[in-house]
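Worth knowing before you read on, the calculation uses all heavy atoms, side chains too, and leaves out hydrogens, waters and symmetry mates. Counting starts at 1 for both ligands and their atoms, following the listed order.
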Amino acid sequence: MKKKFEVLQKVKKVKGTNDLFGDDILLHNQIKKSFDKVCRSFNFKEISTPILEHLDVFTKSLGSSSDIVSKEMYNFLDQGNDNLVLRPEGTAAIARAIITNSLEQEINKFFYFGPMFRREKPQSGRLRQFHQVGVEYLGSENCTQDLEVIMIAEKFLAKLGVRDKVTLEINSLGNEKSRRVYNSSLKDFLIKNKKNLSDISKERLKKNPLRVLDSKDPKDQIIIQKSPSIIDFLDYESKEFFKNLTDGLDNLKIKYNLNRFLVRGLDYYNHTAFEYITNEKKSQNALLAGGRYNGLVKNLGGSNLAGVGWAAGVERLAMNIDKIVNLNYKIICFFSTNLDLNKELLKMVYSLNLEPNFKINIISTGSLKKKFIKANKIGADGCIIFGENEWPSNQVVWKDFSSGEQELIDCDRIHQFLKEKFLKNVIKR
Ligand code: HAM
């Protein structure tokens, strides 16, 4: 027998992506707002680059051995045979934007916010679509700029109340020359110890020995701890640069740990590398990370520009914020005792000056009892009732849900009444 109704299969979300709503999106917006304020106060300007970029923007900058380029990019040919990617990070895209918009002669201080895409194994704190806030300072080779972007990070993390939960780790990767010499010495050392390395590290050793230092595998760690230190391979210029950085941090009384194994996973870094990591022992513990990338713009076909910056994962920041900071608002429900009064109610609500700290919620259907139940369910703090007995004398009833008290208000005073009642004494959610 033929089935009368076919049950349609539910559509699914893409693994490692999230729908943002409710408190989550409020928290994201709050993080964005705090970030925006700190960056603007350091005279950084906002930039928004496209999510779609040509593949070579990332292959020419991040390095073919990086996890992102070798296995994590969402890469496809579009209908016109253009080889495109969903951007996995913002730095290379901003370097491209500087070339495209002929901004190479200027000092560029940019900040950005937006979704990034990496096909990683999804887990807590590791998504396939996540959001980053970031800053990029291009056009200056001076270590003061490294300090300036770190100062922005410090102010931002403190504003969110997470600075005390993280440690700043720093390292120097030296200039290109120092790094080349170090790379070759590290390679020799790792080849001698190859038989004890994990399979992943053996693979990494073939393409980029530095990446072996990223491994958290206990087997690899035994070898890594005995490996040569990059600090011993820094030439005079690189040593001076790093000394100026650490002296600068000491001068600002910014606490940090030196971590000689911090190499970052992307090829474009030189000199400064840093990460703010949570004190928890898990692999997704970097909240904010960055460094210097002199020469990145040149590798993309532009001038030989210096640059330094960082990015922070908004989802990871959100996981570490105890409560929603400063999301203070009141929910006020408006409803009437009979349907005819809804017209007047809408007119009244439309005429009110909107206040960011109170949320108006109109309830238009159901019995009076049901309207009260709905108001309670959405967590209202009180309600304004348009009643058929009060309306002829141009009045409405105010019911306060926390005290249970009720009072009559003149219609032309509604806005003033709510302001006096709530804007002095808003609650935390
Ligand atoms: P990154 O270390 O790849 O650096 O990412 C920066 C931050 O983005 C991480 O510390 C983390 O908080 C967050 N993040 C990275 N991948 C994921 C993921 N799969 N899920 C959730 N959060 C993630 C960069 O992207 C460089 N562009 C940073 C930079 C800017 N360097 C210089 N300027």
Side-chain angles (χ1 to χ4, degrees), residues 14-18 28 31 35 39 44 47 49 53 57-58 61-63 66-69 71-74 86-96 98 108-138 145-146 148-150 152-153 156-157 160 162 165-170 173 211 214 262-278 280 282-297 305-321:
V14 176
K15 222 171 159 184
T17 67
N18 278 331
H28 271 234
I31 292 169
F35 175 69
C39 293
F44 276 59
I47 187 168
T49 61
E53 292 281 353
V57 170
F58 301 103
S61 56
L62 310 185
S66 65
D67 284 348
I68 296 182
V69 171
K71 54 183 188 198
E72 293 170 359
M73 271 197 301
Y74 283 96
L86 300 182
R87 65 173 180 205
E89 61 106 53
T91 314
I94 287 170
R96 194 273 309 138
I98 282 173
N108 293 296
K109 299 174 12 171
F110 284 127
F111 71 91
Y112 56 96
F113 170 87
M116 305 291 162
F117 304 83
R118 299 182 192 175
R119 200 180 186 285
E120 298 197 71
K121 203 171 159 206
Q123 48 187 283
S124 163
R126 185 187 276 165
L127 295 160
R128 288 182 173 175
Q129 177 177 335
F130 58 99
H131 297 80
Q132 279 186 345
V133 290
V135 296
E136 310 296 350
Y137 195 143
L138 285 114
Q145 275 62 67
D146 302 52
E148 192 170 334
V149 298
I150 291 177
I152 297 177
F156 172 53
L157 295 173
L160 295 180
V162 296
K165 293 185 185 174
V166 289
T167 305
L168 167 60
E169 306 223 308
I170 62 163
L173 299 171
R211 294 290 330 279
D214 274 344
L262 178 68
V263 287
R264 311 273 302 123
L266 314 170
D267 266 11
Y268 54 59
Y269 290 113
N270 39 62
H271 291 293
T272 314
F274 61 92
E275 283 186 355
Y276 284 85
I277 57 166
T278 59
E280 295 163 39
K282 52 179 189 181
S283 50
Q284 279 64 254
N285 64 353
L287 293 195
L288 184 154
R292 182 161 275 280
Y293 47 84
N294 300 347
L296 168 63
V297 176
L305 282 189
V308 60
W310 55 257
V314 177
E315 286 78 3
R316 289 197 196 170
L317 289 168
M319 282 165 70
N320 284 281
I321 296 175

**Fill in**
Among non-hydrogen protein atoms, atom 14 (N) of ligand 1 lies closest to Phe130 CE1, 3.5 Å
**Request:** Determine the sole option in Leu296, Ile98, Val308 for which the side chain to side chain contact (heavy atoms under 4.5 Å, CB included) test with Leu138 is passed.
**Result:** Ile98
**Request:** Specify side chain, backbone, both or neither for Trp310, according to which of its non-hydrogen atoms lie closer than 4.0 Å to ligand 1.
**Result:** backbone
**Asked** Is there at least one pair of N or O atoms, one from Leu287 and one from ligand 1, spaced under 3.5 Å apart?
**Response** yes
**Message:** Looking at ligand 1, would Gly125 count as a contact under a 4.0 Å heavy-atom criterion?
**Reply:** yes
**Message:** What protein heavy atom lies closest to atom 27 (N) of ligand 1? Include the residue and the distance to one decimal.
**Reply:** Glu89 OE1, 2.6 Å
**Asked** Which residue holds the protein heavy atom closest to atom 9 (C) of ligand 1, what is that atom called, and what is the gap in Å?
**Response** Ala286 O, 3.9 Å
**Message:** Please identify which of these residues, Phe111, Phe110, Tyr137, Phe35, meets the ring-ring contact (aromatic ring centres under 6.0 Å, His included) condition with Phe44.
**Reply:** Tyr137
**Prompt:** In terms of the angle between their ring planes, are Tyr293 and Tyr268 parallel, tilted or perpendicular, with boundaries placed at 30° and 60°?
**Reply:** perpendicular
**Polar contact flag for Tyr112 and ligand 1 (N/O pairs, less than 3.5 Å)** = no
**Fill in**
atom 33 (N) of ligand 1: closest protein heavy atom, distance to 0.1 Å, is Glu136 OE1, 2.8 Å
**Request:** Using non-hydrogen atoms of the residue, decide whether Arg264 is closer than 4.0 angstrom to ligand 1.
**Result:** yes
**Donor-acceptor contact below 3.5 Å, side chain Trp310 vs main chain Leu288** = no
**Message:** Could you check whether any heavy atom of Gln132 sits closer than 4.0 Å to an atom of ligand 1, since that is the contact criterion I want to use?
**Reply:** yes
**Item:** Residues Arg211, Asp67: salt bridge by 4.0 Å N-O rule
**Value:** yes
**Item:** Within-shell test, Tyr269 vs ligand 1, heavy atom, strictly < 4.0 Å
**Value:** yes
**Message:** I want to confirm something. Looking only at heavy atoms, which of Ile68, Leu62, Leu127 is nearest to atom 20 (N) of ligand 1?
**Reply:** Leu127
**Asked** What are the atoms of ligand 1, with element, lying closer than 4.0 Å to any heavy atom of Gly313?
**Response** 7 (C), 8 (O), 11 (C), 12 (O), 13 (C)
**Message:** Tell me the protein heavy atom at minimum distance from atom 32 (C) of ligand 1, and give that distance in Å.
**Reply:** Gly309 O, 3.2 Å
